[in-house]
Structures are given as structure tokens and as C-alpha cells.
Amino acid sequence: QVQLEESGGGLVQAGGSLTLSCVNSGRIPRFAAMGWFRQPEGKERELVAVFGRMGGRAVYGDSVKGRFTISRDSAKNAVTLQMNSLKPEDTAVYYCALDERIITSSLWTPSQWDYWGQGTQVTVSS
């Protein structure tokens, strides 16, 4: 089945940058929504940036617009998250997610996504 592998997390100073990568090393769906969520300690998981099943314009969480950029390699079933101008409030575990059936109205709801990576820690120091 689908298996998501994440990399790129770490410690960075405020104002710095990090790049996260996620690749599906398992079964490759014909069409799939794919992207990133994050979960700060003690808070709920929230959408960061995702593509819907048909690609096109990405959906971004309000708190990261203008600072983060998601890109995709559809043939490799992979996504990359470029994070710039990082803030301490960006500190969280970042999760890659994939779904073959999810509709646009459900993209914002973590429980509607079927496949998840193990998560990678991003820590931004002040």
C-alpha cells in the first residue's frame, strides 16, 4: 500500500529556512491529493499546504501564506515544502498526507485523509 517517507526537519533560527520532502515509496495511485499538515505540541493538527486530487493551485493555511511554497512531482508521487521566514510559532511536528478519494471541501479536515507519514519535527528558535 501507500507508504509516505518524510525528511528535512530540524532546528532553525527565526527568519531562517527549511525544506521538507515527502515521497510515496509504496503503491502509486493514478490520482491523489497530497500535501502537508502540522501539529504543535498541545494543539490540533492543521493544514499547511496541499494539492487536491487533480493538482492545480495548492491550498495554503492562512498562517503560512507568502512564506511557504509547496511543489509536486506527480510522476514520483512526491511533494516538497519550502519554508521561509520561519517563526517560533511554526514549531510543530509536520506530517505528509495522501488520499485517493478526498474532495475539495474535505481537504482541511485531517480525519478525512487516509495515509500519513510518521512526522518530522521542525523547531524554530527565537
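Keep in mind it's a predicted model, so treat the numbers as computed, not measured.
Two different hydrophobic clusters hold Val79 and Val59 under the rule that ILVMFWY side chains link at heavy-atom gaps under 4.5 Å. Residues Tyr115 and Val48 share a single hydrophobic cluster, defined by chaining ILVMFWY side chains whose heavy atoms lie under 4.5 Å apart. In the hydrophobic clustering of this structure, Val2 groups with Leu20; members are Ile, Leu, Val, Met, Phe, Trp, Tyr whose side-chain heavy atoms approach within less than 4.5 Å, directly or through other members. Transitive grouping of hydrophobic side chains (ILVMFWY, heavy atoms separated by less than 4.5 Å) keeps Phe68 and Leu47 in distinct clusters. Put simply, Leu107 and Ile103 are part of two different groups of oily side chains (I, L, V, M, F, W, Y) that touch within less than 4.5 Å, one to the next.
You'll find the side chain of Ser106 stays beyond 4.5 Å of the side chain of Asp99, heavy atoms only. You'll find the side chain of Ser63 reaches within 4.5 Å of the side chain of Arg38, heavy atoms only. Counting only heavy atoms from C-beta outward, the side chains of Cys22 and Met34 approach each other to under 4.5 Å. Between Tyr60 and Ile70 the shortest side-chain heavy-atom distance falls below 4.5 Å.
Taken to the nearest 0.5 Å, the OG1 atom of Thr120 stands 9.0 Å off from the CG atom of Leu18. Rounding to the nearest 0.5 angstrom, the gap separating the CZ atom in Arg72 from the CG atom in Asn77 is 8.0 Å.
Residue Glu41 qualifies as open at atom CD: its count of foreign heavy atoms under 6.0 Å is 12 or below.
Shown here for Ser126 and Ala14, the closest heavy-atom pair between the two residues is CA-CB, 4.4 Å. Taking every heavy atom of both residues into account, Pro110 and Trp108 meet most closely at CD-O, 3.3 Å. Contact between Phe51 and Ala58 at its shortest, heavy atoms only, is CE2-CB, 3.7 Å. The shortest non-hydrogen separation linking Cys96 to Leu4 is O-CD1, 3.6 Å. Smallest separation of non-hydrogen atoms from Val93 and Gly119: CG1-CA, 3.8 Å. In this structure, Ser17 and Ser85 approach most closely via the heavy-atom pair OG-N, 4.4 Å.
Leu86 pairs with exactly one of Val124, Val64, Thr123 by the side-chain contact (heavy atoms from CB on, under 4.5 Å) rule, that one being Val124.
Aromatic ring orientation, Tyr95 versus Trp116: perpendicular (interplanar angle above 60°, classes split at 30° and 60°).
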Please test Ser25 against Glu5 for side-chain hydrogen bond (donor to acceptor under 3.5 Å, both in side chains), starting from the C-alpha separation and ending with a verdict. CA-CA 7 Å; Ser25 62; Glu5 299 180 354; 3.1 Å; yes
Walk me through it: do Gln121 and Thr91 pass the test side-chain contact (heavy atoms from CB on, under 4.5 Å)? CA-CA 8 Å; Gln121 177 70 44; Thr91 296; 3.9 Å; yes
Given the rule in the salt bridge (charged side-chain N to carboxylate O under 4.0 Å, His left out) test, do Arg53 and Glu100 qualify, once you have shown the distances and angles that lead to the verdict? CA-CA 7 Å; Arg53 289 184 297 151; Glu100 298 176 79; over 6 Å; no
Let's go through Asp90 and Met83 carefully: what are the C-alpha distance in whole Å and the side-chain angles of both, what is the deciding distance for side-chain contact (heavy atoms from CB on, under 4.5 Å) to 0.1 Å, and is it a yes or a no? CA-CA 10 Å; Asp90 294 318; Met83 305 186 293; over 6 Å; no
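With hydrogens and angles left out, the side-chain atoms of Gln82 and Thr19 include a donor and acceptor closer than 3.5 Å.
For Phe37 and Trp113, the distance between ring centers is under 6.0 angstrom.
With hydrogens and angles disregarded, a donor-acceptor distance shorter than 3.5 Å links the side chain of Asn24 to the backbone of Arg27. Gln1 places no side-chain N or O within 3.5 Å of a backbone atom of Gly26 that could act as its donor or acceptor partner.
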